[in-house]
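Here's the structure, in structure tokens; my notes come after.
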Amino acid sequence: MKKFIFTLVFVVSIFQGCDDNIEKTDNCGNNAIDVGEECDGESFTVSGCDELGFYGGNLSCNSSCKIDTSTCSQSHCGDGELDSEYGEKCDTLNVDGMHCEDFEGYHGGTLKCDDECDFDFAQCEFCGDGIITVTEEECDGDNFGDLTCQDFNYYGGNLTCNDSCSIDFSGCIGMCGDGEIQGEEECDDTVFDLNCSDFGYWGCTLSCEDCQASVTDGFNSMLLGGSDNETGRCISVDSSGNIVMVGSVLSDFEGVEGFGGGDISISRYTSDGQLLWHKVFGGDNWEDSVGVVTDSDNSIYVAFSTLSNIEGCFSQFHETTSYEAGVVKFDSDGNFVWCSTHALSEHDEQARDIAISSDENIFLLYNDTPDTTNIEEYSVRKISKNGTVSMLSSSYPLSDSTMNTVSKIIVDEEENFYIFGHTGGSIDGIHDDPYWRDAFIVKTNNTGSTQWIIQYGNLGTNDYVYDAEFTPSGNILVAGTTGDGTYFGELPIGGGDIYLMEISSTDGSKLWSSYYGSDLYDDLPALIVYPDGTVDLYGNGIKIGEISGHGGFDVWRVRLDSSYNVILQEIFGTAESDFMEDAVIAPDGSTFITGSSRGQWDDLFNSGGGDIFITRLNY
């Protein structure tokens, strides 16, 4: 349909044009259309009302030969009236109450009516026009308003807009809650970049809120045992950071029954203090453990002495009235692998220590009394990971004294091994005093040949060596106890002191030594040397320096810097008696100690008698 004005223009154009049927005279009333006439009588320049935009009726011609539309229907497109019966959807400003959003795909804007009385959507808004309709669209094309990935808690990247004008976050990078730790996050959901040790604890419960970690129920100690006496003998850390504790037990605990007499317990814990497994090893008589090491497979090797007939763990010389020394291997899951025992006669053979070389050969050190003289000698066995034994040293009589014993073995990179102990006799004519003990050190090469022996100590006192470790420079630190004297320094403290001595690993010469402890009796079971040269001395006593304990014997630690100056002294314990036995460095630089407590160690419940404690101490 066309508007009326368009029709009029059309009629005028007819009269201005040339047509052979139009007469050239101005004679209105002659029933012929002359120039300037729209009609004349029954003749019209248009076919009817509809050609002029009206929806019906009949045309008439007035006396001036002009078309009279009064007899036409007055409804037409452009009259502002909605004539839906004639197909109009709208008319000028009348859009029948409709809006852009009433039509699929449009979200807002202004709905118009075109010249044909049909809807005009030119000013309507739709997805893809680059304009964001706030109520319907999150974005449009490259238009995101002022929003970026960071406004949606992402750490970076670029927003994209999909075909539905919804924001696509696939180009954004990271956010709290995506399960991945990024940026400044300490955790994300159940994933943590920190562990309990970062908060100063061995074990704890970690929580994550706003991707920042917090800790509850933190602990640094365990107290384990039953109604009888238990003690932690030795402790190690495997290549995965798990803690292996070996103890001597008389009770059933951790849900595992013993075999009778005194048994050996082996427990493995994760680095955050969760028990992986616990087992008991032994027979119906008495067993005791003296050391534990682990290899790169996280297999566990325990040095022990036994009076029992343990299946697969006794030799032809075994007697239930004399000890037999051995090593038992368990895999990382606690399964028995093999047992190697080393009785040379029907007399006592007691395990003293165990070491593992860089080639993962096992070295067992034990005392033996091969005849009725009761003069103790020592032997070393080199054992491969599969249990094959190499007899490096079958028996070494150090002196004719009955007071010979060994306490420690360490192995260097070339598998030279160093034996530490004490004797009541004279080695090579040194310190011949049958009433007092001297300490000694023996270096043996990897073929079993002795390289050198030194005997040392204060005259007229008992001198013992309990622990030794290599220094970062390759020398050896030796620690033990001694009485009054000046061999280890000019100013003994009194009451039985701790000594620390550095010797050359090449020839055994003394490089430096000094006293530590208190004016009362002190005992030293363990020595730790850190990679930076810092040294920890761990002992038992009533006090350390001028710091008094908590009652009975307590556990103390003295820390020395790399120049052996005291930088820390502290004491741990309860009102009852507490004793530590061993210490080990953890991968994070902290140390773990184990021993026995008769009190509420670290405020933990005591099950009765002496319980095993395992404690983590921060570096």
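The chain is numbered in sequence order, starting from 1.
At a threshold of 4.0 Å, the pair Lys382-Asp359 does not count as salt-bridged, since none of the basic side-chain nitrogens sits closer than that to a carboxylate oxygen.
Using modelled atom types, one finds a donor on one side chain and an acceptor on the other under 3.5 Å when comparing Gln455 with Asp438. No donor-acceptor contact under 3.5 angstrom links the side chains of Asn475 and Thr471, judged on distance only. No side-chain N or O of Ser251 forms a donor-acceptor pair with one of Asp228 less than 3.5 Å apart.
Listed by chain and residue number, Phe470 satisfy the ring pair (Phe, Tyr, Trp, His ring centres under 6.0 Å) test with Tyr418 (two or more places apart in sequence, or in another chain). A search for side-chain contact (heavy atoms from CB on, under 4.5 Å) contacts involving Tyr464 returns His422, Arg437, Asn462, Tyr466, Thr481, not counting sequence neighbours. Residues meeting the ring pair (Phe, Tyr, Trp, His ring centres under 6.0 Å) test with Phe579, sequence neighbours left out: Phe553. For the side-chain contact (heavy atoms from CB on, under 4.5 Å) test, residues two or more places apart in sequence or in another chain that qualify with Ser607 are Phe605, Asp611. For Ser384, the side-chain contact (heavy atoms from CB on, under 4.5 Å) partners at least two apart in sequence or on another chain are Asn361, Asn386, Thr388. Shown here are the salt bridge (Lys or Arg N to Asp or Glu O under 4.0 Å) partners of Glu469, two or more places apart in sequence or in another chain: Lys408. Not counting sequence neighbours, the partners of Ser596 by the side-chain contact (heavy atoms from CB on, under 4.5 Å) test are Thr231. With sequence neighbours left out, the ring pair (Phe, Tyr, Trp, His ring centres under 6.0 Å) criterion links Tyr530 to Tyr619. Shown here are the side-chain hydrogen bond (donor to acceptor under 3.5 Å, both in side chains) partners of Ser332, two or more places apart in sequence or in another chain: there are none.
Heavy atoms only, all atoms of each residue included: Leu527 and Asp467 are closest at N-OD2, 2.8 Å. The two residues Gly599 and Asn606 have their closest heavy-atom pair at O-ND2, 3.1 Å. Across every non-hydrogen atom of Val249 and Ser265, the tightest pair is CG1-OG, 3.6 Å. Closest of all the heavy-atom pairs between His278 and Ser267 is ND1-OG, 2.7 Å.
Side chain of Asp333 to main chain of Asn335: no donor-acceptor pair is present (N/O by atom type, distance under 3.5 Å, no hydrogens or angles).
Ring-centre distance between Trp512 and Tyr564: below the 6.0 Å cut-off. Proximity of the aromatic rings of Trp601 and Phe572 is defined here by a centroid distance below 6.0 angstrom, and this criterion is not met.
For the pair Leu604 and Phe613, the minimum side-chain heavy-atom distance is 4.5 Å or more.
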Please assess Asn458 against Asp484 for the test side-chain contact (heavy atoms from CB on, under 4.5 Å), listing each intermediate value before the final yes or no. CA-CA 7 Å; Asn458 289 307; Asp484 291 339; over 6 Å; no

Run the numbers on Leu560 and Val566 for side-chain contact (heavy atoms from CB on, under 4.5 Å), then give the verdict. CA-CA 5 Å; Leu560 314 175; Val566 176; 3.6 Å; yes

Could you walk me through whether Tyr456 and Met501 satisfy the side-chain contact (heavy atoms from CB on, under 4.5 Å) test, starting with their C-alpha distance in whole Å, then the side-chain angles of each, then the deciding distance to 0.1 Å, before giving a yes or no? CA-CA 11 Å; Tyr456 64 91; Met501 178 174 67; 3.4 Å; yes

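Taking the six-membered ring where tryptophan is involved, the planes of Phe281 and Phe336 are essentially parallel, since the angle between them stays under 30° and well short of 60°.
Applying the salt bridge (Lys or Arg N to Asp or Glu O under 4.0 Å) definition to pairs two or more places apart or across chains, those involving residues 281-305 are Arg233-Asp288, Asp295-Lys385, Asp297-Lys385. For residues 555-572, the set of pairs meeting the salt bridge (Lys or Arg N to Asp or Glu O under 4.0 Å) definition, not counting sequence neighbours, comprises Asp536-Arg557, Asp536-Arg559, Arg557-Glu570. Note on residues 500-526: pairs passing salt bridge (Lys or Arg N to Asp or Glu O under 4.0 Å), not counting sequence neighbours, are Asp519-Lys543.
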